[in-house]
Visitor: 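After the structure tokens below, expect a handful of questions from me.
Note on naming: letters A, B, ... go to the chains in the order of the sequence lines (proteins, then strands), and numbering restarts at 1 for each one. Since the model is a prediction, treat every value here as computed from it, not as a measurement.
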Amino acid sequence: MTSLLSIERLSIFYGGIQVLHDVSIHLEQGEIVSVLGANGAGKSTLLQAVSGLVPIGSGSVFFRGEKLNSIPPYEIVRKGISLSPEGRRVFPTLTVEENLNLGAYTRKRMKDEVREAKDRVFSLFPILSERRRQLSGTLSGGEQQMLAIGRALMSSPKVLLLDEPSLGLAPILVKQIFDIISEINSQGTSILLVEQNAHKALNIASRGYVLENGHLAASGPTASLRSDKKIQEAYLGGAALKKRPFPAKTGQS
Amino acid sequence: MELTPLNGIEKLASSRQLHIALATAAFLIYPFLVSDYFIDIAFYFGIYTLLGLSLNIVLGEVGLFDLGHAGFYAIGAYTTAILNTKFGIPILVLLPLSALAAAFFAYVVCSPVIHLQGDYLLIVTLGMGEIVRLALINNPFDLTGGPNGVFGIDFPSLGPWLVIDSSLEYYFLIWIIVGLTILGLTRLQDSRIGRAWNYIREDETAANANGIDSRSYKLLAFVLGAALAGVAGNVYASKLMCVSPESFTFWESCLMFCIVLIGGMGSIPGVILGAAFISLFPEIFRPFAMYRMLVFGSAMILMMMFRPGGVWPRKRGAVKYESLLEGTGRTDA
Amino acid sequence: MKKYVLLVSVLFLVLGLSSAHAANDTVVIGLQGPITGPWAYEGQMAKQSCEIAADLINQKGGILGGKKVVLKVEDDAGEPKSGALAAQKLVAQKDVVAVVSTYGSSVCEPASNIYEKFKKVNIGYGVTAVRLTQRGFNYFFRTCGRDDSQGKFFADFVPKKFNAKRIAIMHDNTAFGKGLAEDTRNALEPMIAQGQAEIVYFDAITPGERDFRVPLTNLREAKPEVWYFTGYYAEAALLVSQARDIGIICPFVGGNAAINDEFVKIAGLDVAKGCYMTNEPLPGDLPYPEAKEFLEAYKAKFGDIPSSPWPIYAADALNIIAYAVDKSGTTDSTKLAAYLRDEVNGAPGITGPIGFTEQGDREGVPFYLYVVDDQGKIVVSK
Amino acid sequence: MLEGRTHAAGDIVLETVGLTKIFGGLTAVNSIDLKVHKGEILSLIGPNGAGKTTVFNVVTGIYRPEFGQVFFRGERITGKKPHQIVSYGIARTFQNIRLFPDMTCRENVMAGRHCRSTSGLLSSIFRTPRQRAEEDMIRETTEKRLRQVKLWKSRDELAKNIPYGSQRMLEIARALASDPKLLVLDEPSSGLNPRETQDLMAFLRGIIHEEDLTILLIEHDMNMVMGISDWVVVMDGGRKIAEGIPEDIYADQRVIEAYLGKEDEDSTEYDIPAEH
Amino acid sequence: MHVILEQIINGLTIGSFYALIALGYSMVYGVLKLINFAHGDFFTLGSYLGYTVLVFGAAFMTAHFGLWGALIAALVFAGVSLAIVGLIVERVAYRPVYPAGRLPAVVSALGASIFLQNTIMVGWGPRFQAYPATLIPNVHIQLGSIHLTLLQIMILLLSFALMGTLYYIVQKTTFGAAIRATAHDRKTASLMGININKVILFVFTLGPALGAVTGIMVGMYYRQISFTMGWNYGLKAFTASVLGGIGNIPGAMLGGLILGVLEMLGAAYISAAWKDVFVFIILILVLIFRPTGILGEKTAEKV
């Protein structure tokens, strides 16, 4: 049986730089899978490649067995993969409701389904319902994040790609967002989650991958990853500290 | 083929000198082979080259969108026309004065808008060019002669010794000015000022972070570009012996813009080729009568399709530099 | 290196196009006019008129005992710089005896400087700015009138005809229109001094504009009894129709460029009828036999007679050059200029007898007041 | 907390006092005190959006702070324009390399000399002896810096055409060409592979030994931070949450929480508005 | 007082022409960041096509569909033709040049403008062409002391209807939101499932079509058209779109109307000859104090 989404030996280049090296990841129906790693590890690039925003260097992406390489982004949305991008990227001069409607752009003829989807988003994020006529540029960071996720849900995707949903949010909101992510998942959407906040991400995911400098550093079920020292090292540079050729200059007293 | 750096320099320098010598020789011989009509065409080619070079400083070197350059050209021409006809000041004395007048005008009008970016600067300069032209038509203080323009402008002379009143002499006048301008601009390109301009064009924030006061350098570019356009205006006015507003339209500014882009931003030989295209093309295609501008328009599109960077873009790094430190024992790499 | 080859070949292409020569049994007369550009219409009619005039001369056996008159046309696009280049191109051709040049005063100015310098007789046909003949030039003449002669005609004739005291003058800020407006004002000065007239409105509109409701509203508020517009037909047609829209009903008098068949077409018959104009006699109203002959030939070849007076003056400029060459027996420019200035007097022309003043102006150009009749025809006002 | 450092107060190169920067209601930098001592490498770290780059932009004059002051070698430089800051002796690089892409490597490095030269329009046109001497000086320093970053061979290539790692080094060479006292590096390792990062670290270590230089660093790559810093300052949500030597920071619970997130729920109820 | 009201209405009429043309500039700029210098010539070409239909097809059409039928036919024919011309120009002159950046596109836009203008000159001749005078009954309406014509009222109604429709499409429909989203952030817009090429197609058909309709209105209003008129209108409309905030669709409408009224008021109360100077000075002042126009978004560069 093929996976819902499978990324096989993916390599991506920006100009002359290789940012992803032979990365393979798969996502099964109903799963939440986390991709962890420090900044610049290549996590966002991975999601953008799946969405068709960056050209694939080598390797392939399959969705329900269908190859997605070189399919334009708007077709990929149509097939049922939706990305909530890093930094939220809401359209600030559009109202909340317009942002949501755009999320359902591929289904704009199916009025009923759009309304259902919107009701679902509003029930997940009641605050958006209150602010539906407000310009989204005036929302707070957390509200914008909710809008970005809600917007991605509007196309009723099979796979939801979330890029750093907790970025720049206060802890209380982080918890809220993660609760909602679990709920979305329990309603049947499979989620590929890219996240810096490793603990939170591992809490809700069933499996995880750790990226380090574009390479897959570790992967496995969350329980085993949690105890893996590799994560802290990947994040905080533990390896380097150990290898440090000289002590801190001002550190010696 | 592997050349040692020194060989490279020699080879390039000699071929460059050869090019320049060939070009100079061609320009010297040309007017003696042809009739006044062709000398005059070459004269207007020279005017457009000078205009192109002047806009190239602003647009090519600094990357500021200036679609009102004809305004500076007009200021130079009218300064010459008015001061010469009203006060009898000799044209050659007015040459620097026209440059100063245009430069001063540029300084005053550009100071408040120099911070504008891209297309907004474009529309502001466009508006300034139009304001100049409309003001000339409206004859403020009875100076500009309104739509009639100013007529009866003298030819350049220095007493009885130097009198410039034939096509041949005008040809040499403009091309000597162009030649000196090219010399000066080439030297500027290879100085901290020329580099500062390029830094601003490439990345203004990074330029600032490297200690370049981008505001002053942008103003300097406008002022210098306007001064050169003023010089072109001076020569143009004395050649035609009259000036009228219809010579300084928005279209004229567009042509200058095209000269720089067709040639290649920041490239001096490019500007010459661009000016040749703009001034010679319509004359060559005179026999096509009313179809000639159709051909001209399509040629512009085709040119950008196949040479989007210009016909002769500036090649950086073509001149190889040798080491100053080698042999001094100070090299550590 | 490739670029040099390109450059050199472009230059030679330019050179290659400069091969003009003529046989010995012809007399070449140049014509400079706006064959392209915004005044292409005038330029092309001038070209046609000169062709007819030359044909007529040649049919009658030519000049100088059988030499044919040949026309050589250069386009100046109605623009000063191109005008200078066109002039330069004509003077460079040694076989061109004299030039008919050109339509538009500001184009004529730099061009006539060049002709003067190279001692080439040049005769303007659509250049009415007064200053052109005040430069003390030896080689410049014109067959058309001057702005001030028309202004004088207006002052002498129009207020009386309409019994109008309050006069509005509007021009279009072009060299021609503004000149005519100012000359008219000057010509009215004596009457104003005596209290017989008053200029209640004097202002410019911007040519190329389409909306004149603002200046017209101001004009309406000035309550003129007659309104003189000294611009071109394109604006005149808009002005009159917009004026009628906002309730200006006083008589409209246009200058000699304001009214023609196009004017009637654009303004529409309703608006156009009853509009007046001061004008040189239109081709069809010329009483001279030369005119009849010329117009028949023109109509035979081009189907219709010229719709504006200027092409006829171009034909007359060609005629007078041919006449002077023939009578003086010389093609030397200096002698020709002197002959034109001193000896030509009452020579036959399509527009009546031709002679030149000391300055080079045409002697005695008559003006008529025309009106658009109920059928949209432009007829002499009774 | 500060006992790790032994320098006297007189050795302070850069100091910020109560630095605060507000963007439309969001306090991006909240009362930051920073002391950078002479000859050290100080890293400013923190999760995304912590306000590190804003601190940099205030120090280098791109933003004006709402409150607080910046002192450089005892002089107040608050609110100076970016192009003035350089001549004081602070040179910087950018997070996403900002070279002059269509100019040669040589010309790029020459930019750094701009603030140390003075020739004007006329002396450049007439090539006065002084101007030529100055150009020679510029060329010499440029060559020295290019050789230092091992890019002398690529001097005549366009900056956009050299490998990414080299571009990083070129940007550093450009900054060094102004002979700065303080080098401000914004994520110098981003986009570099581990090998290149190692080289960069060695290089920075090297120049700080050889020259009278101090380095202020923003870095995400903890390998680099931990491997090179003398002192680490950690920011989160616009505030300074910790500082110390790398070993202490690595073990600091607050830092771990800031980076990896917390196990326990936090009850603070604030929400940061969107970035502007 | 009646004079100023009359001037304002005149200003709104000419302003609505500017606004409709400015929309074409602004939509293209919003999506492609390209100043389409050929847009003024789309307007001229539309005017000439409408003229041709009205003059040569009028007899036939008036007989079969009545006067209104002929008018509608002219509007539709010119609109559709220009939509096609717009697409061709985009394909031929702009699309191949985009990848090289914005400046080459300026030259090729100017080239396209010269080409179109001269095509019109060759096709219809250099003379002014006159729209038939009797299309719309020349009815004068006097409201109080304000003089208006039936034609003027019809033009105001039609242009406001067009602007209203476009405003509705852009501000109230999902497709309109897609256009605005694309103008703001292309990449994210494509994540919404928006096909950017379709949006480009839309702006390059609708803009020229609106220009063409405006061309016919201008022809009917002034009854006279020339092949060079596109430059003047284009320049003013471009100014209007910058004044309103280029790339912003309501801004273009507002900018056009403001420009028209300013022009008329400047002419009435300052001087007819200096009115354009006045307009440009206002524009420059607006840009000095609000560098992105009246409704333009503030853009700050991230360092």
Visitor: Between D:V149, D:L99, D:I138, D:T118, which shows the greatest number of heavy-atom pairs under 4.5 Å with chain B?
Guide: D:T118

Visitor: Given the side-chain rings of B:F65 and B:Y120, with only the six-membered ring counted for Trp, is the space between their centroids under 6.0 Å?
Guide: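 No, the ring of B:F65 stays outside the 6.0 Å limit from the ring of B:Y120, centre to centre.
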
Visitor: Counting only non-hydrogen atoms closer than 4.5 Å, can you tell me which residues of residues 80-90 of chain D sit against chain B?
Guide: D:P82, D:H83, D:V86

Visitor: Strictly below 4.0 Å, N to O, side chains only: are D:D179 and D:R113 in salt-bridge contact?
Guide: yes

Visitor: Tell me, out of B:R192, B:R201, B:E202, B:R187, who's got the most heavy-atom pairs with chain D below 4.5 Å.
Guide: B:R192

Visitor: Check this for me, if you would: do D:D212 and D:K181 make a salt bridge, where the nitrogen-to-carboxylate-oxygen distance has to be below 4.0 angstrom?
Guide: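 Salt bridge flag = yes for D:K181 with D:D212.
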
Visitor: So which bits of residues 119-133 of chain D come within less than 4.5 Å of chain B, counting non-hydrogen atoms only?
Guide: D:S119, D:G120, D:L121, D:S124, D:I125, D:F126, D:R127, D:Q131

Visitor: Using a 3.5 Å distance criterion without hydrogens, assess whether the side chain of B:D203 forms a donor-acceptor pair with backbone atoms of B:A206.
Guide: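 Yes; at least one donor-acceptor contact below 3.5 Å.
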
Visitor: Please say whether more than 12 non-hydrogen atoms of neighbouring residues, nucleotides or ligands are located less than 6.0 Å from CZ in D:F203.
Guide: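 Enclosed: over 12 neighbouring heavy atoms sit under 6.0 Å from CZ of D:F203.
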
Visitor: Looking at B:Y107, I'd like to know if its OH atom is crowded, meaning that more than 12 non-hydrogen atoms belonging to other residues, nucleotides or ligands lie closer than 6.0 Å.
Guide: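 Atom OH in B:Y107 is not crowded, with 12 or fewer foreign heavy atoms closer than 6.0 Å.
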
Visitor: Taking D:R92 for the side chain and B:A209 for the main chain, is one N or O donor matched with an acceptor at less than 3.5 Å?
Guide: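 Checking the backbone N and O of B:A209 against the side chain of D:R92, no donor-acceptor pair under 3.5 Å is found.
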
Visitor: For B:R314, which residues count as a salt bridge (Lys or Arg N to Asp or Glu O under 4.0 Å) partner, sequence neighbours excluded?
Guide: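 Salt bridge (Lys or Arg N to Asp or Glu O under 4.0 Å) check on B:R314 returns B:E61.
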
Visitor: Judged by atom type as modelled, is there a donor-acceptor pair below 3.5 Å linking the side chain of B:S267 to the main-chain atoms of B:W312?
Guide: yes

Visitor: Can you tell whether the side chains of D:E135 and D:R139 come within less than 4.0 Å, N to carboxylate O?
Guide: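 Here D:E135 does not pair with D:R139 in a salt bridge, since their nearest N and O are not under 4.0 Å apart.
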
Visitor: Using only atom types and a distance under 3.5 Å, with no angle test, would you say the side chain of D:E66 pairs donor to acceptor with the backbone of D:I22?
Guide: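 Confirmed, D:E66 side chain pairs with D:I22 backbone.
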
Visitor: What parts of residues 213-223 of chain B touch chain D if we use heavy atoms and a cut-off under 4.5 Å?
Guide: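 Result: B:D213, B:Y217, B:L220.
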
Visitor: Should D:E211 and D:R145 count as an ion pair when the cut-off is N to O under 4.0 Å?
Guide: yes

Visitor: Check each of B:V235, B:V231, B:T49 against B:I174 using the side-chain contact (heavy atoms from CB on, under 4.5 Å) test, and report the only one that passes.
Guide: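 Result for side-chain contact (heavy atoms from CB on, under 4.5 Å) with B:I174: B:V235.
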
Visitor: Is a side-chain donor or acceptor of B:S98 paired with a backbone partner of B:I75 at a separation under 3.5 angstrom?
Guide: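 It does not hold such a pair.
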
Visitor: Would you say D:E171's side chain and D:R98's backbone share a donor-acceptor pair under 3.5 angstrom?
Guide: yes

Visitor: Relative to chain B, which segment of D:A91 carries a heavy atom at a distance below 4.5 Å: side chain, backbone, both, or neither?
Guide: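 For D:A91, there is no contact with chain B at all, as no heavy atom is under 4.5 Å.
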
Visitor: For B:L224, is it the side chain, the backbone, both, or neither that has a heavy atom closer than 4.5 Å to a heavy atom of chain D?
Guide: side chain

